[in-house]
Amino acid sequence: VRYSPTLVDHFLNPRNAGLMREPDSVGEDEYEGCGDLTRFFLRVRDGRAVEIRFQTYGCGPTIAAASMASELYRGRLVGDLCGLDAEEIERALEGLPDDRKHAADIAAGALRAAAFQYQARQG
Amino acid sequence: MESKLMSRRVYLDHNASTPVHPEVLAEMLPYFAEVYGNPSSIHAFGREAREGMDLARERVANFLKVSSQEIVFTSGGTESDNFAVKGLAWARGKGHLITSQVEHHAVIRACRALEAQGFDLTCVGVDEFGMVDPDDVRRAIRPDTVAISIMHANSEVGTIQPIEAIGRIARKHGIPFHVDAVQTFGKLPLDVDALGIDALSFSAHKIYGPKGVAGLFIRKGSKMVAVQHGGEHERRRRAGTENVAGIVGLGKAVEIRACDMHTEAERITALRDRLWDGVRSRVPEVRLSGHPGHRLPGTASFLFRHVESESIVLGLDLKGIGVSAGSACTSGNVEPSHVLVAMGVPLEWAMGAVRCSLGRSTSAEDIDYVIECVEPLVRKLRQAMPVGVV
């Protein structure tokens, strides 16, 4: 298999997949090259993302990256999520092939977008 | 984890390639190290190699009910298609070509290359089942039409084209007719005279022969030029020392298919129907693409709405099942198959295209295992996927 056991596990058993009722913010990102799309929903308490859920349309690594990000960043300060880096998601997935790097980029972009939306709403 | 997941392996990608039949392999083996002469050499070593090749040519010719002199061996279906399309066009210098929107890239891109050289090209469309209307071909004909190239059956959706009707039209207008039969050779009966075919591409590795060897039937008297130049091989029609072992394998493969083609087609048609019935009874929002009746025996192409096909292929791969995706994310670029686009399949269905192609090794237990794996996989993927994004 060309993917790491961690990636395969997140693909086969995605964590936190699905809609969230009344989220505090929503963010999306799309990879124009292939149409993959990820959407994150945040529940925020005391400035921290206490619950993160996602929906994604894409290949296996894109699903796994969103799942990994939903676990990796739970509990973090929303302000920190605004500057999160795709490489951290990729490292947590134990690497991505060159032609699938976009999987981590979309997850990072969508989660940053959700964080920015929350910040904007807070003024 | 992987060894547990991979305990069962089911290969459902026979339209891509097939395993070499043991009898084919046994017949090929002496031609690597024992019978190694160049078939163009006049000494005994060369003559022995030539004999093996002659027998293979005869076997192919018998299957197609043509003369062995009308068979040219090549390196693959792609070469055969390029040879036919370019050979027919270049023999006439300039003019107009007709093909369809659902051809294999080997035909479409060869035609596009000719278009760039100054030939005119008409790509006729297909209906919702992927079928060409012979009347569209008739209407596309011009006084300067130099060749018509339409495939026998589509590898992606399995639809069998009305070749006989198109052949009649081509013959009536005196236009050479090429048929890409790579997916049907050795699977369906092929009578090139009755079908009005002037050139026909076929390949070995789709029928349990080796990869890297194929052929082209060229009707005697057809005006066609060589595309590859060099020595005097293949009656000066295709230069290059022949792949003798591969050709011997091709001959044996077609001989076997001539005997078991009908019984095998009946068996895998029943299994294909079992697969479709099983999947549609368990999975909502799934369709079968291609023509419901006129289709290849072992091909079932599913369209799963709102699921990305590559994620299904990966999920099944992790269960030891080999199928192929109708759309693929390569080099960061994903497009639905040109065949599904030509059929007018909406994007939300086309992006979830997964092809299962059955073959000799496929058993009822394999099919039941695949059905068992598909339902929870698609359900789980749909849970993560936002409805209506494509």
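All values derive from a computational prediction rather than experimental measurement. Letters A, B, ... mirror the listed sequences (proteins, then strands); counts begin at 1.
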Heavy-atom pairs under 4.5 Å with chain B are the metric here; pick the option from A:Ala17, A:Gly18, A:Gly58, A:Pro14 that has the most.
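Of the options given, most contacts go to A:Gly58.
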Could you report the tightest heavy-atom contact between B:Leu314 and A:Pro61, atom names first, then the distance?
CD2-CD, 4.4 Å
For A:Cys59 and B:Glu308, work out which heavy atoms get closest and say how close.
CA-OE1, 3.4 Å
Is the count of non-hydrogen atoms from other residues, nucleotides or ligands lying under 6.0 Å from A:Glu87 atom CD greater than 12?
no
More than 12 heavy atoms of other residues, nucleotides or ligands under 6.0 Å from CZ of A:Arg21: yes or no?
no
Contact between B:Ser311 and A:Tyr57 at the side-chain level, heavy atoms closer than 4.5 Å - yes or no?
no
For A:Leu12, does its backbone N or O pair with a side-chain atom of B:Lys380 as donor and acceptor, under 3.5 Å?
yes
Listed partners of B:Ala113 passing side chain to side chain contact (heavy atoms under 4.5 Å, CB included), at least two apart:
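With neighbours one apart ignored, the set is empty.
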Under 4.5 Å from any heavy atom of chain A - which part of B:Leu381
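Contact with chain A is through the side chain of B:Leu381 alone.
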B:Val307 portion near chain A, given a 4.5 angstrom heavy-atom threshold
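When you check distances to chain A, only backbone atoms of B:Val307 fall under 4.5 Å.
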To the nearest 0.5 Å, how far apart are CD in B:Glu310 and CD1 in A:Ile63?
10.5 Å
ring-ring contact (aromatic ring centres under 6.0 Å, His included) partners of B:Phe129, counting only residues at least two apart:
B:His291
